[in-house]
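Working notes, structure below.
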Amino acid sequence: MMDSSLEMTDKIGYLLLKKGIINVDVLEKALRVKQSDEGKVKRNLAQILVQDFNFDHDTIFRQVAILYAFRELNVKVEEIPEGRIEEMKKMINSVPEDLKKQMLEHCVIPFHYDEKIRDKMILAAIDPTDRSITRIAYALNAKKYEVSYIRKKEYLRLIQILVPPENEYLKAMEDAPEEINVEVQEELIDEDALEAEINKSALINLVEGALIEGVHRGASDIHFVPKAGNRTEVLFRIDGDLKLWFQQDNTWPEAVIAVVKDRAKGLDRFEREKAQDGFIQREIDGHTIRFRVSVLPMVGTELKNKFESVVIRILDDRKVIKDLGKLGLTGYANDAFVKAIKKPQGMVILTGPTGSGKSTTLVAALYQVIDPTVNVLTVEDPVEYVIEGARQLKIGHRMNFEQAIRAILRHDPDIVLVGEMRDKETADVAIKLANTGHLTFSTLHTNDAPSAVSRLYKMGIEPFLIAYAINIIVAQRLIRRLCPDCKRRVTEFDEGLMHMAGLDIEEWRNYEIYEAAGCPRCGNTGYKGRLAIHEALYFTKEIRRLIVQAGEEVDEERIRVQAKQDGTMSLRDAGFEKVKLGLTSIEEVLSSTTDD
């Protein structure tokens with residue numbers, strides 16, 4: 001089937017086979033499917049391979065575009081000018097709703113008009129062979145048109161900006177606003193009146209709308225904060241900063257919080273005196289999103305109110321990083337980290353404050369070592385992300401974190417992830433695992449890598465165990481990334497700032513440095529998204545010797561000096577490297593790191 005007769009019967013199949021993208025077996029099966037499609041909607045071989053055989057869309061259709069001479073739009077969404085984006089929005093929003101639906105269904109968008117031939121419309125499509133494109137072009141009244149191929153990944157990113165998913169709950173709030181005005185006279189909560197408040201659909205729309213909008217805006221957390229005067233503030237944490245999203249007035253805060261509790265599992269609406277943990281699961285934009293709900297009682301200025309604060313962590317598996325190259329580890333830190341996780345035993349520790357991306361890095365590391373031939377166990381409380389190929393132990397009232405830690409020793413593990421070494425008992429078992437032939441991953445809450453050694457020492461772990469059980473300690477921080485649309489070149493350095501940071505202005509003039517400006521795309525903050533910086537303390541012979549020789553306390557400064565000689569870069573220096581690459585600003589690095 002690899003002769004010229006195949007080329008005549010199916011050019012796409014011949015090309016993909018010739019390039020080694022598919023094999024003869026797959027080709028034969030796909031051709032049989034194509035023959036059985038007779039009488040149905042006709043599909044070409046590329047469409048069959050993607051839809052029925054789960055081949056990567058862009059791998060297949062890039063070759064199809066080359067074969068049929070469709071121009072490829074090599075675009076990155078962040079590099080498209082704001083003016084072009086606005087033009088595209090106008091073009092899409094000006095068409096009838098049914099035509100817009102067709103364009104979205106077939107993944108086709110009017111990209112722009114040709115610069116040389118003004119009445120020629122350029123249509124961008126992830127499948128330029130789609131037969132519906134002709135009908136769509138006709139409906140768009142395009143006198144002349146050209147179809148270009150756009151990568152599916154970039155199309156999906158672009159469409160999120162051009163046609164953001166509609167939040168039906170927010171629309172319901174706008175279309176049918178309900179005035180909720182309650183005069184509170186009782187000294188104690190009237191449960192019947194509260195029940196009436198809870199049943200107001202506007203509150204359900206508010207809570208459900210917040211969940212969807214939080215996902216759409218890329219928030220990591222949603223906060224419901226009760227305020228005096230029957231107000232509740234809803235805030236989103238975006239790129240590490242809390243921002244007010246909505247304020248619910250003239251409504252008992254207890255009613256808003258009760259609705260959150262009712263929408264979640266594992267929470268008691270009538271319990272207002274103790275901390276509670278629950279979860280919510282929703283299907284949003286075709287993806288299952290999990291939400292971890294934390295409820296804490298808080299003090300209010302009005303004694304008759306029993307206020308509670310609610311924080312909802314958004315757990316979106318689409319954000320899980322499986323590729324170590326996307327973590328931002330560079331140079332010595334990257335080499336040392338890869339070397340540490342490739343060892344058959346020993347401990348890999350990530351350290352940093354809450355929300356610094358420790359779990360993300362550990363999960364990415366786990367995916368590098370997960371293999372069908374090894375037993376991978378994780379003990380986390382709570383479990384945030386489902387890790388394919390790992391057995392994740394369920395923590396509950398019948399088996400707590402400490403019991404699970406002890407139990408895994410009897411469960412024949414090869415690789416273990418201990419969510420956090422929160423006390424001496426947990427650290428003892430984790431160190432024991434690392435010291436008895438298991439590769440062990442865990443986290444600690446310390447400011448930098450050397451101080452993690454001191455923390456373990458002060459927990460009561462023997463120095464020789466610390467020295468010989470640990471492969472590497474990596475300190476991590478997340479810093480804000482400069483908005484690519486509005487960042488501006490620094491022409492005049494702030495002498496006071498540079499002096500405070502200990503930086504030589506003349507040396508820094510040799511680099512292309514940028515600072516934050518602010519535009520509508522980044523909410524006028526000058527920053528959009530975050531990136532990680534790392535300090536990697538790899539346990540060399542010299543580092544191990546310094547730890548074993550520790551007397552009453554570990555000499556962190558000597559460890560820092562030795563680590564620097566070995567090639568370790570401090571968090572601040574790692575941040576400055578990102579500044580030199582034009583990814584962030586000097587101000588952001590200084591505000592996120594401490595001076596050694």
Open item on the list: Surrounding CZ of Arg398 (heavy atoms of other residues, nucleotides or ligands, distance under 6.0 Å), is the total greater than 12?
Closed with: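 At most 12 heavy atoms, drawn from other residues, nucleotides or ligands, come within 6.0 Å of this atom.
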Task: Over 12 non-hydrogen atoms of neighbours within 6.0 angstrom of NZ in Lys153 - done: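 No, not enclosed.
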[X] versus [Y], closest heavy-atom pair with distance:
X      : Y      : result
Val418 : Ala430 : CG2-CB, 4.3 Å
Lys578 : Ile533 : CG-CG2, 3.8 Å
Ile222 : Leu211 : CD1-CA, 3.9 Å
Leu439 : Ile341 : CD2-O, 3.4 Å
Thr378 : Ile387 : CG2-CD1, 4.3 Å

TODO: State whether Asp221 and Arg313 are salt-bridged, where the test is any N-O pair (Lys NZ or Arg NE/NH1/NH2 against Asp/Glu carboxylate O) under 4.0 Å.
DONE: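 Looking at Arg313 together with Asp221, the answer is yes, because their closest N to O distance falls below 4.0 Å.
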- [ ] Determine, for Glu542 against Arg545, whether the closest basic-nitrogen to carboxylate-oxygen distance falls under 4.0 angstrom.
- [x] no
How about [X] and [Y]: do any of their side-chain heavy atoms sit closer than 4.5 Å?
X      : Y      : value
Asp127 : Gln47  : yes
Phe61  : Tyr149 : yes
Ile470 : Leu456 : yes
Val376 : Leu366 : yes
Ile472 : Leu537 : no

Task: Any side-chain donor near an acceptor of the partner, His411 and Asn375, under 3.5 Å - done: no
Task: Selection residues 534-580 - residue pairs positive for ring pair (Phe, Tyr, Trp, His ring centres under 6.0 Å), sequence neighbours left out - done: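 The answer is Trp508-Phe576.
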TODO: State which residue, out of Thr593, Asn447, Ile479, fulfils the side chain to side chain contact (heavy atoms under 4.5 Å, CB included) condition with Leu571.
DONE: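 With Leu571 as partner, Thr593, Asn447, Ile479 yield a single side chain to side chain contact (heavy atoms under 4.5 Å, CB included), made by Thr593.
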Open item on the list: Given Val215, which partner from the list Arg318, Arg282, His287 fulfils the side chain to side chain contact (heavy atoms under 4.5 Å, CB included) test?
Closed with: Arg318
